[in-house]
2 protein chains.
Amino acid sequence: MKIRELAEKTALSIHTIRFYEKEGLLDHRHVLREENNYRCYSDEATERLLLIKKLQRVGCSLSELKDILQEHDTHALTDLEIVEWILQKIKDTKHKKEELDQILGMLHWMLDYRVASMKDDQKELVMTKIQEAT
Amino acid sequence: MKIRELAEKTALSIHTIRFYEKEGLLDHRHVLREENNYRCYSDEATERLLLIKKLQRVGCSLSELKDILQEHDTHALTDLEIVEWILQKIKDTKHKKEELDQILGMLHWMLDYRVASMKDDQKELVMTKIQEAT
DNA sequence: GTAAACGATAGAGTGAACTCTAACGCAAGC
DNA sequence: GCTTGCGTTAGAGTTCACTCTATCGTTTAC
């Protein structure tokens, strides 16, 4: 598959995909060159880019991803090391969720506070909005 | 309180605090100048900086925070507008939590996959680690 | 066969959020 | 009174993750 198709499949820009390759996030298993020098991507490339997108959202930087994916690819890490990395990520993710819960609590508190100081007719309007939102 | 103390209380750097002020995230209610031109911070400053830190983690940019906080301060926003902003943030936050759940699912799947391919003695070691981590 | 669309490259530019530096003035401890 | 440390400023530099530009070659549709 050519770069445009991959870009559509992963919702990344063409620029970004080339940039990731340059940064070492993709290798020969993901990209090859055709005779005309065009890049040719495997299905694995799609998988990897989607994985990168996901892990980015748990706070992995590109350079961390590069390291862990490369080490994983070259089997430079033992199973134990990989398991430990995963466990750490699970811990981080749970922590992030807790933070979000805290923030949700705060937002709800802010909402109650605002609503309490409103006149009855506005209060009703807002209540329907809150119903809609939840 | 002087800048160093505020930096310690908020776990922000002195540079960052001055940077936030320059960006319009703090005003006269938070900072005043002493005769020697040193900044003098109120307790409200601590509150605001901690609030900024929290909201940043739900994906608010500094410029968005500047806008919403300034409008809030100057009562340029109606109660309804503020409620709508809060509702939007609640929605965003819930969405972020769902994403994290997805990622947690993926990480657990990765973990199971790894553990399945391990030898029994290593498996046991990993199992205790997993117990510890959860 | 030619124009439009697609692909390639090197390298510059962007925006967000810091982070640091140099050069200076005040302050507190000895 | 001198050193050390804290505070000030303007402005430069950094990092991250893109994003875009210019210039070129290739492919495809008409």
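We name chains A, B, ... by the order of the sequence lines, and we start the count at 1 in each one.
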(message) Output the rounded distance in Å from CG (A:L12) to C1' (D:dA17).
(response) 12 Å

(request) Looking only at side-chain atoms of A:L62, point me to the closest of C:dT9, D:dC18, C:dG7. (result) D:dC18

(request) State, yes or no, whether a side-chain contact exists between A:Y41 and A:R48 at a heavy-atom distance under 4.5 Å. (result) no

(request) Begin from the C-alpha positions of A:K97 and B:L104 and carry the test side-chain contact (heavy atoms from CB on, under 4.5 Å) through to its verdict. (result) CA-CA 10 Å; A:K97 266 188 74 178; B:L104 266 182; 4.1 Å; yes

(message) Without decimals, in angstroms, what is the distance between A:R4 CZ and C:dA8 P?
(response) 10 Å

(message) Under 4.0 Å, counting only non-hydrogen atoms across every strand here, what does A:R18 touch: a base, just sugar-phosphate, or nothing?
(response) base

(message) Side chain of A:H15 only, heavy atoms from C-beta on: which candidate in C:dA8, D:dC20, C:dG7 is closest?
(response) D:dC20

(message) Taking the side chain as everything from C-beta on, heavy atoms only, tell me whether B:L77 gets closer than 4.5 Å to B:I68.
(response) yes

(request) Would you mind reading off the distance between A:Y41 atom OH and C:dG7 atom C1', rounded to a whole angstrom? (result) 10 Å

(message) Within the 4.5 Å heavy-atom criterion, are B:V83 and A:K129 side-chain neighbours or not?
(response) no

(message) With nearest nucleotide decided by heavy atoms, which residue, A:K2 or B:S13, maps closer to the 5′ end of DNA chain C?
(response) A:K2

(request) State which of D:dA17, D:dG7, D:dT27 makes the closest approach to the side chain of A:Y38. (result) D:dT27

(request) For A:E34 and C:dA8, give me the distance from atom CD to atom P, rounded to whole Å. (result) 9 Å

(request) Write down the distance between CD1 (B:I14) and C1' (D:dG5), rounded to a whole number of angstrom. (result) 11 Å

(request) Could you say whether A:E35 or A:F19 is positioned toward the 5' end of DNA chain D, judged by the nucleotide with the nearest heavy atom to each? (result) A:F19

(message) Taking the minimum atom-to-atom distance to the side chain of A:Q56, which one of D:dC18, D:dC6, C:dT19 wins?
(response) D:dC18

(message) Check the phosphate of D:dC18 against A:Y20, side-chain N and O only, distance under 4.0 Å to OP1 or OP2. Yes or no?
(response) yes

(request) Please state how far atom CE in A:M1 lies from atom C1' in C:dC6, giving the value in whole angstrom units. (result) 17 Å

(request) Using a cut-off of strictly less than 4.0 Å, decide whether B:R39 has a side-chain nitrogen or oxygen near OP1 or OP2 of D:dT9. (result) yes

(request) Calculate the interatomic distance between A:E64 atom CD and D:dC16 atom P; express it in whole Å. (result) 12 Å

(request) Would you mind checking if A:E98 and A:K94 are paired as a salt bridge, meaning a charged N to carboxylate O distance below 4.0 Å? (result) no

(message) For a quick check of understanding: with a heavy-atom distance under 4.0 Å over all strands, which category does B:S61 fall into, base, sugar-phosphate or nothing?
(response) sugar-phosphate

(request) Counting heavy atoms from C-beta on, name the nucleotide in D:dG7, C:dC26, C:dT21 closest to the side chain of B:N36. (result) C:dC26

